[in-house]
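To start, the structure under review is shown below, and the notes come after it.
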Amino acid sequence: MGFDLQNLEAALKAGRKYTHIPFSLHFFETVSSTNQTLWNLLNQGTGSETVVIATQQTAGRGQWGREWISPVGGLYISVAISFDHKIEATDSYQLTFATAWGIASQLRQCGVDVGIKWPNDLVLNGRKLGGILTETKVNKGQITQAVIGVGINWANPVPETGINLESWQASQDCRPISCLEMLTSKVLLGIESGMESLYQEGVSILLSRYLDLLTNIGDQVYVNNLSGTVVGVTSQGNLRVNLETDDTKEQITPEIYIEPGTISLGYHKSSV
């Protein structure tokens, strides 16, 4: 069964306040990676808001150089972001947070109870539903171009720690996401609304919305053999962890900040 771009365009028009679709949509059956394909298009002169969608990836990329297994049945999509505001290279995490919040909130509006796992995963029933990979080009410390890649499990096989949307919907009373094109429109509208929130309302409001959907609050973590509790995320995108101390004289619990990529919060083998 192929991907229907007309269905996607109809869903996007239905979901936006304006009928104009700002996205230039490009569909491929198989690519090495949607992010790489999109960078290639940008290098050939396509504009921002260009979108690449693929049925499968043969060399999908995850965060920190990890492989992203991308079998047929999932949604693999990359979007080129335009910059209305200057964003420092060190603040690229803001694009990831905006994307995660935007997609999660779009799916939640449909009745799919998606949460966010720091920094860049979408979770459902305690299992991984999808992930986000932000890549940027930088000039003089400012981001000049960005590509945001999103992979979401739709009907593809997943590992024990994962979940796909079709199997989750089969256990529900209703089927809020009726087809892959509808899921794609929710992702695109989510990215659009996330960027609007970041550009128009600023990072502090975006961060509070991101924290509202963060599933890690209260998680126990171990850092350098010390036990701690996740209490939030800083305005720089780092994880806030309160360390447990045996010193009863200490009135203040020591708090440390952990950069993305330095620890893995992991997934439970069975659903929570």
Side-chain angles (χ1 to χ4, degrees), residues 1-29 34 37-38 41 46-55 72-82 84 95-116 122-124 129-132 146-156 163-201 205-206 209-210 212-213:
M1 192 176 76
F3 191 94
D4 190 328
L5 280 176
Q6 283 183 313
N7 267 3
L8 171 57
E9 287 176 4
L12 282 169
K13 281 180 178 169
R16 294 184 84 246
K17 286 175 280 197
Y18 322 102
T19 52
H20 166 67
I21 298 174
F23 307 108
S24 168
L25 305 168
H26 300 256
F27 177 76
F28 301 86
E29 283 293 335
T34 55
T37 302
L38 182 46
L41 287 172
T46 59
S48 58
E49 311 289 350
T50 302
V51 177
V52 168
I53 305 161
T55 305
V72 172
L75 172 61
Y76 313 109
I77 183 168
S78 294
V79 181
I81 299 300
S82 61
D84 304 342
L95 304 176
T96 302
F97 282 15
T99 299
W101 169 76
I103 295 172
S105 57
Q106 283 285 329
L107 291 172
R108 289 170 77 90
Q109 286 168 30
C110 300
V112 185
D113 193 21
V114 175
I116 299 168
L122 300 169
V123 293
L124 183 60
L129 177 68
I132 297 157
V147 164
I148 294 177
V150 179
I152 294 190
N153 300 322
W154 168 246
N156 51 297
I163 189 169
N164 78 36
L165 208 45
E166 280 287 58
S167 64
W168 178 82
Q169 291 192 135
S171 66
Q172 305 300 303
D173 295 334
C174 63
R175 192 162 174 259
I177 306 292
S178 59
C179 58
L180 185 55
E181 291 85 357
M182 182 181 177
L183 174 61
T184 307
S185 76
K186 296 299 173 192
V187 168
L188 288 171
L189 293 169
I191 293 172
E192 186 180 43
S193 65
M195 293 307 148
E196 272 178 14
S197 173
L198 175 60
Y199 293 156
Q200 293 173 15
E201 297 167 312
I205 288 176
L206 172 68
R209 290 175 169 172
Y210 176 91
D212 283 344
L213 302 185

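Along the sequence shown, residues carry numbers from 1. Nothing here was measured: the structure is a model prediction, and the numbers come from that model.
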Practice prompt. For Leu188 and Leu25, run side chain to side chain contact (heavy atoms under 4.5 Å, CB included): C-alpha distance rounded to whole Å, both residues' side-chain angles, the deciding distance at 0.1 Å, then the answer.
Written response: CA-CA 11 Å; Leu188 288 171; Leu25 305 168; 4.0 Å; yes
Practice prompt. Run the numbers on Glu166 and Gln169 for side chain to side chain donor-acceptor pair (under 3.5 Å), then give the verdict.
Written response: CA-CA 5 Å; Glu166 280 287 58; Gln169 291 192 135; 3.1 Å; yes
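- Two residues are said to be in side-chain contact when any heavy atoms from C-beta on lie closer than 4.5 Å; Phe27 and Leu8 fail this criterion.
- Interatomic distance, Ile152 CD1 to Asn164 CG, rounded to the nearest 0.5 Å: 11.5 Å.
- No side-chain N or O of Arg209 forms a donor-acceptor pair with one of Ser105 less than 3.5 Å apart.
- A donor-acceptor pair under 3.5 Å links the side-chain atoms of Thr46 to the main chain of Leu41, judged by distance alone.
- Counting heavy atoms from C-beta outward, Leu75 and Ile53 have side chains that approach closer than 4.5 Å.
- The two residues Ile177 and Met182 make their nearest non-hydrogen contact at CA-SD, 3.8 Å.
- Once rounded to the nearest 0.5 Å, the distance linking OG of Ser185 with CZ of Phe23 reads 10.0 Å.
- Residue pairs satisfying the salt bridge (charged side-chain N to carboxylate O under 4.0 Å, His left out) criterion with at least one member in residues 105-115, sequence neighbours excluded, are listed as follows: Arg108-Asp113.
- Across Ile81, Leu95, Leu38, a single residue satisfies side-chain contact (heavy atoms from CB on, under 4.5 Å) together with Val147, and that is Leu38.
- When side chains are defined from C-beta on, Trp101 does not count as touching Asp212, because their heavy atoms never get closer than 4.5 Å.
- With hydrogens and angles disregarded, a donor-acceptor distance shorter than 3.5 Å links the side chain of Asn153 to the backbone of Leu129.
- Under the side-chain hydrogen bond (donor to acceptor under 3.5 Å, both in side chains) criterion, the residue pairs touching residues 4-18 are Arg16-Glu192, with sequence neighbours excluded.
- Atom CG of Leu165 is separated from atom NZ of Lys186 by 12.0 Å, given to the nearest 0.5 angstrom.
- A distance of 13.0 Å separates OG1 of Thr34 from NE2 of His26, quoted to the nearest 0.5 Å.
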Worksheet item: Should Met195 and Ile148 be marked as a side chain to side chain contact (heavy atoms under 4.5 Å, CB included) after you check the CA-CA gap, both sets of side-chain angles, and the distance that decides it?
Response: CA-CA 11 Å; Met195 293 307 148; Ile148 294 177; 3.4 Å; yes
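- Ala104 approaches Leu213 most closely through the heavy-atom pair CB-CD1, 3.8 Å.
- Between Thr37 and Ser78 there is no side-chain heavy-atom pair separated by less than 4.5 Å.
- Taking CD1 of Ile116 as the reference point, atom CD1 of Ile132 lies at 7.5 Å (rounded to 0.5 Å).
- Looking at Val51 and Thr184, their side chains never come closer than 4.5 Å, going by heavy atoms from C-beta outward.
- Residues Tyr76 and Asn156 are in side-chain contact: their nearest non-hydrogen atoms beyond the backbone lie under 4.5 Å apart.
- To the nearest 0.5 angstrom, Cys179 atom SG is 8.5 Å from Phe3 atom CZ.
- Nearest heavy-atom pair, Tyr210 versus Ala100, reported as atom, atom and distance to 0.1 Å: CE1-CB, 4.2 Å.
- Here the closest non-hydrogen pair linking Gly102 and Ser193 is CA-OG, 3.9 Å.
- Under the 4.5 Å side-chain criterion, counting only non-hydrogen atoms from C-beta, Ile191 is in contact with Val150.
- The closest side-chain heavy-atom distance from Ile103 to Val114 is not below 4.5 Å.
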